[in-house]
Each structure stands twice: as structure tokens, then as C-alpha cells.
Amino acid sequence: MNLGKILFILALFSAVVFSAQDDTVMVYMASMPPIVDGYGNDECWRNAKWQPIDQVWMPYNAEVDSSDYWGRYKIMWSEEENLLYFLVEIYDDIAVGGLDLNNVQGIYNYDVLEVFIDEDKSGGLHVFDGIGSFGEEWGTNAENAFAYHIFSKFPDDGGVNYEKVVSDIAGTDWSHREDPNYADHFPEFALRRQGNLYTREFSLKVYDDTYEHSNPEDSRVKLCEGKIFGLSVAYCENDDPNEFPKKRDNFFGSVWVAREDSNNHWINADLFGTAKLIGKQTGIKMNYKMPDESIFVYPNPSVNDMNLVIQNGYTGKLEIKLYNLLGQELFYSTVIKNDLRMNYNIKISDNSIPTGVYFLKIDGVNFKRSLKVFMVNE
């Protein structure tokens with residue numbers, strides 16, 4: 001393989017390059033709400049569509065290696081529980097916590113998930129419930145448009161954390177600013193870690209423009225089929241756990257924005273994406289064969305060490321093999337999959353494997369998959 005072809009393939013694989021979330025995200029009704037435990041293996045999630053969190057808002061339009069970060073989310077709704085449900089997967093090579101939970105100003109300088117929601121997609125400035133000319137410069141739509149900043153302590157590998165702090169700016173103007181904890185808007189929450197893969201699963205209440213923080217339930221919206229609302233999901237990433245004070249290094253979002261709006265979601269709900277509540281999925285056969293998106297390798301590219309994640313209903317013995325383009329077997333191992341989700345570390349002992357494209361084959365009884373991977377010899 002010549003150098004030009006290697007560089008082309010490396011560029012193709014190394015950057016997080018997807019498309020933004022759908023122009024209108026169709027949010028299916030869940031026949032049965034998920035159990036919020038951070039596994040994301042409930043039946044309702046199986047055929048919900050992944051939406052990417054891949055638009056680099058800051059630094060604007062930069063290329064980010066998938067071994068550093070990638071992210072995606074799913075969303076469902078429940079008529080019975082009157083809640084939205086989210087499943088978010090973030091791969092982050094360095095998770096930065098340590099936020100002072102008693103002082104959440106500057107929360108975006110840590111590794112934090114953000115959910116932007118505008119209940120009636122009315123748009124507009126939403127920082128404050130503005131009073132007077134100065135206050136109105138920062139918004140009058142704060143009651144039903146939120147920029148939720150969700151922080152949770154990162155668990156140990158294999159662990160889960162159910163606690164969170166949720167912040168957004170409130171008040172009438174900068175002289176009367178408030179920083180309430182909106183954790184009660186999220187009745188259920190779980191952050192589960194498997195290696196560098198962090199899965200957040202949570203539910204969310206929705207409020208209309210009569211919202212008052214002292215009595216939120218009076219403004220609860222009854223979710224119904226056909227409802228349209230504003231929605232974007234974003235991730236703040238810090239790559240330096242030792243710096244002080246903390247400073248955000250990257251900001252990723254699920255929708256495209258112009259350069260001049262790259263950090264304006266917290267101000268302007270006009271920038272939010274669009275979502276629509278629709279009915280239950282029909283005509284979909286539920287079985288043990290999962291979409292290929294539930295089987296992936298990270299990091300990709302990798303240097304002789306990668307993680308294989310398989311989430312499906314298959315249990316039993318699996319043979320894992322790595323082949324080069326000539327069909328030569330370079331790695332072989334067997335593993336027993338006992339649960340719905342398996343994270344298996346693959347270590348290639350041969351450090352002389354050249355940079356290039358390889359194929360990872362996974363074989364079990366009535367279960368076969370092949371993944372393209374890229375290896376880099378440093």
C-alpha cells in the first residue's frame with residue numbers, strides 16, 4: 001500500500017465525520033418505558049434511531065479523532081409516564097470531573113452533557129425571564145426553553161452513578177441571576193462506565209411557558225402524539241484533569257450551526273433542532289439480531305489495542321479473528337458472552353503489524369459479523 005493511500009485511509013477513519021441529527025427527529029412512543037440503569041438494553045431502545053453528537057461547535061468545525069471523542073443519542077417518549085427518555089453514549093478518552101457541586105458556575109468547563117429543549121419550539125432568547133429593556137436583551141423565554149447542563153461524578157470502570165446536578169441560568173437579569181438545581185426535572189438518571197465508554201440514560205419532564213421553579217408541577221405538559229418541540233444535545237469536553245482553573249477544550253453538538261453561533265445555544269433557542277412525538281413503531285420484527293450499530297470497535301483507528309462492544313440478545317461462545325486484506329489471520333481468541341452487553345479488550349501482541357485496513361470477524365452459533373478496523377503502527 002503506497003503512502004498516499006495510507007494517508008487517505010487514515011484521514012477517512014481518524015476524524016469524527018458524520019451528519020448532524022435528522023432535520024426532524026421522530027420520537028417513537030415506547031410500548032413499555034425503559035428501566036433507567038445505564039445499560040440501554042430495553043426493548044424500546046432496540047429500534048430507536050441513533051442521532052449523532054458530532055458537530056464540532058468549538059473550536060468550530062475542527063477535526064476530532066474518534067480515539068479522543070465520539071457521541072450519539074436516542075430518544076423515546078411514554079404516554080403512560082408522561083416523560084421523555086434519553087439514551088446517550090459518549091466515548092471520551094479523558095473524563096474530567098471534580099466540579100464543586102455547591103458552585104456550578106463554569107460547569108461547562110468540565111465534562112458535561114447538555115440537553116437543550118424548547119417545549120413549543122417558539123425559539124427566541126431564553127437566558128432570563130427578562131424584565132425591563134436590559135433584561136429583555138437576554139431573553140423572555142426562560143420558562144419553557146432550557147439549556148440543561150448535566151453533571152455526574154464519573155464511576156469506576158464497570159460502575160454506575162445515579163446522582164446528578166443539573167444547572168441552567170435563571171432569574172430576570174445579570175443583577176438578579178439564579179443558578180437553580182434542575183435535578184428534579186430528571187426523575188431517573190444513570191451514568192454507567194465501561195472503559196472509556198460512558199452511557200447516560202435518563203428521563204425528563206417537559207414544562208410550558210407558565211413554569212415557576214417554586215411550583216413546577218403546575219406547568220407540566222401532557223405529552224401527546226404530534227407534539228413538536230425544539231431539541232439539541234451537546235457535550236462539553238475537557239482534556240486536562242490537572243489544569244486549574246478548568247477550561248473547556250471542545251464543544252460538540254447534534255445540529256449544524258454557523259460559525260458565529262457556535263456558542264450561542266445557551267442564549268438563543270432559534271438554533272435548537274426539531275423533534276416530533278409520533279406513535280409506536282409498527283411492523284418491526286423484534287428478534288435477537290440487532291442492528292450493526294450495536295456492534296462496534298473503539299478506538300478506531302487503534303494501535304494494537306482495541307475494545308469490541310457487542311450489545312444484543314446473543315449469548316454463548318464467540319470466536320474473534322483479525323485478518324489483513326490478503327486474508328491472513330493475525331489474531332484469534334474465544335470469549336463467552338453471558339449478558340446483553342459485552343466489552344472485550346483485544347490486544348494484538350505483534351507490534352510489527354503495518355498501518356492499514358483490517359477486518360475483525362466475530363463468529364457464533366447463527367451469529368456472524370465483520371467489522372472494518374484501521375490499525376496504526378507507531
Side-chain angles (χ1 to χ4, degrees), residues 20-21 24-25 27 53 55 57-58 73 75 84 86 104-109 112-151 164-186 202 204-221 223 227-236 248 251-277:
Q21 73 178 36
T24 298
V25 177
V27 185
I53 311 172
Q55 302 297 296
W57 291 350
M58 298 172 61
Y73 79 93
I75 179 173
L84 298 177
F86 289 80
V104 295
Q105 292 191 27
I107 189 173
Y108 47 82
N109 288 317
V112 172
L113 182 73
E114 296 191 36
V115 174
F116 300 91
I117 186 167
D118 180 9
E119 175 267 329
D120 58 0
K121 199 165 172 55
S122 53
L125 303 178
H126 65 91
V127 178
F128 297 119
D129 180 15
I131 297 176
S133 59
F134 178 75
E136 290 179 358
E137 290 179 6
W138 290 93
T140 58
N141 193 27
E143 297 97 337
N144 66 308
F146 292 92
Y148 292 117
H149 295 63
I150 309 168
F151 177 85
K164 78 284 187 187
V165 169
V166 182
S167 176
D168 187 18
I169 297 173
T172 56
D173 56 48
W174 290 113
S175 299
H176 301 86
R177 170 181 174 168
E178 300 172 12
D179 291 282
N181 184 359
Y182 289 119
D184 289 345
H185 292 197
F186 297 76
F202 52 88
L204 175 60
K205 300 177 182 179
V206 180
Y207 303 96
D208 65 23
D209 61 6
T210 65
Y211 177 82
E212 293 183 6
H213 191 59
S214 60
N215 188 19
E217 288 304 308
D218 277 359
S219 60
R220 213 40 211 283
V221 171
L223 301 179
K227 181 172 182 57
I228 294 176
F229 56 100
L231 177 69
S232 300
V233 180
Y235 190 73
C236 299
R248 176 176 55 189
F251 191 23
F252 307 99
S254 61
V255 300
W256 178 88
V257 294
R259 184 183 296 271
E260 60 269 23
D261 291 320
S262 60
N263 191 30
N264 284 343
H265 255 63
W266 70 281
I267 300 172
N268 191 352
D270 290 339
L271 306 173
F272 296 6
T274 303
K276 182 178 181 179
L277 302 184

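None of these values were measured; they are calculated from a predicted model.
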Could you pull out all residues at least two apart from [X] that satisfy ring pair (Phe, Tyr, Trp, His ring centres under 6.0 Å)?
X: His176; answer: none
X: Tyr108; answer: none
X: Phe202; answer: Phe86, Phe186
X: Phe151; answer: none

Could I get the full list of side chain to side chain contact (heavy atoms under 4.5 Å, CB included) partners for [X], not counting sequence neighbours?
X: Pro216; value: Tyr207, Tyr211
X: Thr24; value: Met26, Thr274, Lys276
X: Asn144; value: Asp118, Glu119, Asp120, Ser122, Asn141, Asp209
X: Val25; value: Gln21, Asp22, Val27, Gln51, Tyr73, Ile75, Ala275

*Under 3.5 Å, side chain of Ser232 to main-chain N/O of Gly273, donor-acceptor pair present?*
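Yes, the answer is positive, given that a donor and an acceptor are paired below the 3.5 Å cut-off.
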
Residues two or more places apart in sequence or in another chain: which of them pass salt bridge (charged side-chain N to carboxylate O under 4.0 Å, His left out) with [X]?
X: Lys205; value: Glu217
X: Lys164; value: none
X: Asp179; value: Arg177

_Would you say the rings of Phe272 and His126 are close, in the sense that their centroids are separated by under 6.0 Å?_
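Yes: the rings meet the under 6.0 Å criterion.
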
*Of all pairs that satisfy salt bridge (Lys or Arg N to Asp or Glu O under 4.0 Å), the ones with a partner from residues 253-270, not counting sequence neighbours*: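 Non-adjacent pairs meeting salt bridge (Lys or Arg N to Asp or Glu O under 4.0 Å): zero.
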
